[in-house]
Amino acid sequence: MTRLSNDWRRTHYTKDANESVTGKEVTVMGWIHEIRDLGGIVFVLIRDKKGILQLTAPTKETEPQLLEDIRKLRKESVIGLKGTVQESGKAPNGVEIIPTEIKIFSLANQPLPMDPTDKVKAEIDTRLDSRFLDLRRSSVSSIFKIKSKMLHTFRTFFESNDFLEINTPKLVASATEGGTELFPITYFEKEAFLGQSPQLYKQMMMSAGFDKVYEIAQIFRAEEHDTLRHLNEAISIDMEASFMDDVDVMKILNDLVQKVIINVKQNCKEELKTLEVDLETPEGHFEIVKYDDAVDMINSKDVPMEWGEDLSRAAEKALGDMMNGYYFLTEWPTEIKPFYAMPNEENPINSHAFDLMYKDLEISSGAMRVHQHDLLREKIAEKGLNPDAFGGYLKAFEYGMPPHAGWGLGADRFNMTLTGLENIRETVLFPRDRRRLTP
RNA sequence: GCCCUGGUGGUGUAGGGGCUAUCAUGUGGGCCUGUCGAGCCCGCGACUCGGGUUCAAAUCCCGGCCAGGGCGCCA
């Protein structure tokens with residue numbers, strides 16, 4: 001096993017060692033994908049981040065020492081290869097490397113805990129137990145290349161629209177928001193929790209005069225749900241903006257979803273092809289369904305739902321069947337939305353809260369917020385929470401809080417809609433669910 | 001947390017009271033100069049755990065753990 005010495009550096013990724021460098025010597029670095037030893041000729045496929053390249057060694061024309069090294073190789077071992085690029089109609093990409101020297105950096109033990117070449121399928125649980133191997137498959141790494149492009153699009157958009165990136169604490173003192181279960185932790189001599197949402201903090205930044213902020217960060221929820229669309233640790237993309245209402249931030253969300261899709265289609269062609277996804281760019285404004293109308297639509301499909309209830313799973317499915325792609329669900333009843341959602345001025349039983357849905361999946365939810373201190377205090381009490389426990393938060397509303405609005409979007413769920421995946425675990429490197437805490 | 005279904009070589013599976021436990025892939029060895037899911041020959045490797053029923057349990061029963069599907073919960 002050898003170290004990386006000074007004269008060994010990659011000159012080409014596998015996909016760049018093509019016809020354009022025929023006859024030249026190149027150095028590639030990568031993993032052994034497959035070995036086919038035909039006796040008189042040995043083929044070895046080398047894989048890196050960008051593709052697969054064939055090494056071809058006719059035994060009679062290969063140095064005995066080099067040949068011996070090649071025959072020592074095992075699947076998924078890591079090597080460096082120096083060789084000459086040769087055009088050949090018989091090679092997989094039309095070119096192959098005639099080796100002059102190889103360095104074995106790391107031999108892989110056998111048998112492997114799963115097959116990274118897709119010949120024998122493995123279940124998600126097996127795959128997650130050996131995630132590093134699973135991720136060597138292009139069908140899996142493609143998901144994360146798309147996710148990276150998606151996150152990049154959000155950041156670029158926010159930065160170019162004068163949003164400030166913020167980092168709010170994930171260690172919090174109490175479960176003041178109510179609703180969701182939190183993970184308790186020990187914080188020196190006190191009890192603390194992992195943050196469920198940056199909601200309260202990003203609102204406080206409005207009082208700080210930051211005007212437009214965003215945060216892309218982990219959120220933690222201790223719910224015991226065990227479904228294909230819930231995790232206990234997820235990435236939330238949050239934004240909040242002053243002097244805006246729900247309609248303004250819905251417009252931003254609408255634009256962003258379209259921008260992400262356009263960008264992914266443009267920059268992740270190979271990845272989409274690998275995943276066999278044909279992404280459609282939604283045009284113009286997403287359809288808007290008022291909560292009141294949604295209740296009627298759902299009941300028309302014989303799924304019982306009373307006004308004032310949240311959507312059951314059956315209701316989400318029924319509505320999703322009637323809708324096409326992305327749509328907004330608006331004017332939710334005030335009583336089933338959190339205390340910080342602004343009630344409608346004329347008809348306070350309805351609110352300025354909305355959800356962004358993709359078929360039957362909730363992607364994002366947002367609202368115009370309550371910025372009046374006294375009203376907010378009242379609403380906290382109405383939810384059965386103790387306003388005094390919200391001291392630090394409420395204080396920010398007492399000394400000049402602008403009207404504001406914002407949303408939070410589940411990045412992993414959104415990624416599911418881009419990649420066509422049905423299990424949210426697929427879209428997270430190391431998912432944390434009801435049972436899984438490792439690796 | 002509830003309901004349903006399941007757990008067999010490294011991986012994916014067949015079988016379903018007494019079998020030498022099926023097949024593929026893999027893996028170790030051998031043959032082969034154009035492989036590309038290479039081919040051929042030989043070998044290796046498994047019944048989730050605990051208890052019970054039975055002459056006999058991988059198989060039936062109970063419980064645990066884990067998984068798949070559905071639901072609930074999800075500011």
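Labels below follow one simple rule: chain letters A, B, ... track the order of the sequence lines, proteins then strands, and each chain is numbered from 1.
Nucleic acid contact for L45(A): none, since no nucleic acid atom lies under 4.0 Å from a heavy atom of the residue. Residue contacts shown for T59(A) are absent, as no nucleic acid heavy atom lies under 4.0 Å away. The residue P113(A) sits close only to the backbone: its heavy atoms come under 4.0 Å of sugar-phosphate atoms, none of a base. Residue S88(A) is in base contact, counting any heavy-atom pair closer than 4.0 Å across all strands shown. Using a 4.0 Å heavy-atom distance criterion, K60(A) is classed as a base contact. Using a 4.0 Å heavy-atom criterion, one finds that K121(A) contacts the sugar-phosphate atoms exclusively. Counting any heavy atom pair closer than 4.0 Å across all strands shown, A314(A) reaches no nucleic acid atom. Using a 4.0 Å heavy-atom cutoff across all strands shown, R434(A) reaches sugar-phosphate atoms only and no base atom.
The two residues I237(A) and L151(A) have their closest heavy-atom pair at CD1-CD2, 3.9 Å.
Note: F354(A) and F328(A) have perpendicular aromatic rings, judged against thresholds of 30 and 60 degrees for the angle between ring planes. The aromatic rings of Y358(A) and Y326(A) sit tilted relative to each other, their planes meeting at an angle between 30° and 60°.
Taking atom P in both rU11(B) and rC3(B), one finds a spacing of 30 Å when rounded to whole Å. Going from the P atom of rG18(B) to that of rG28(B) covers 36 Å, rounded to whole Å. rC61(B) and rU53(B) have their C1' atoms separated by 7 Å, with the value rounded to a whole Å. For the C1' atoms, the distance from rA46(B) to rU54(B) is 25 Å, rounded to whole Å.
Under the Watson-Crick and G-U wobble criteria, each requiring two contacts below 3.5 Å, nucleotide rU20(B) is left unpaired. Across all strands shown, rC31(B) pairs with rG39(B); the Watson-Crick or G-U wobble distances both stay below 3.5 Å. Nucleotide rG26(B) is matched to rC44(B) when pairs are restricted to Watson-Crick or G-U wobble geometry with both distances under 3.5 angstrom. Using the Watson-Crick or G-U wobble rule with both distances under 3.5 Å, rG63(B) pairs with rC49(B). rG72(B) is unpaired under the criterion used here, namely a Watson-Crick or G-U wobble arrangement in which both key atom distances are under 3.5 Å.
Within 3.5 Å, a donor on the side chain of Q54(A) pairs with an acceptor on the base of rU35(B), or the reverse. Side-chain atoms of E96(A) and base atoms of rG34(B) include a donor and an acceptor less than 3.5 Å apart.
Between the side chains of E223(A) and H230(A), no donor-acceptor pair is found at a separation under 3.5 Å.
For rA38(B), the OP1/OP2 oxygens have a side-chain nitrogen or oxygen of K119(A) closer than 4.0 Å.
Heavy atoms of other residues, nucleotides or ligands lying less than 6.0 angstrom from CD of E276(A) number 12 at most.
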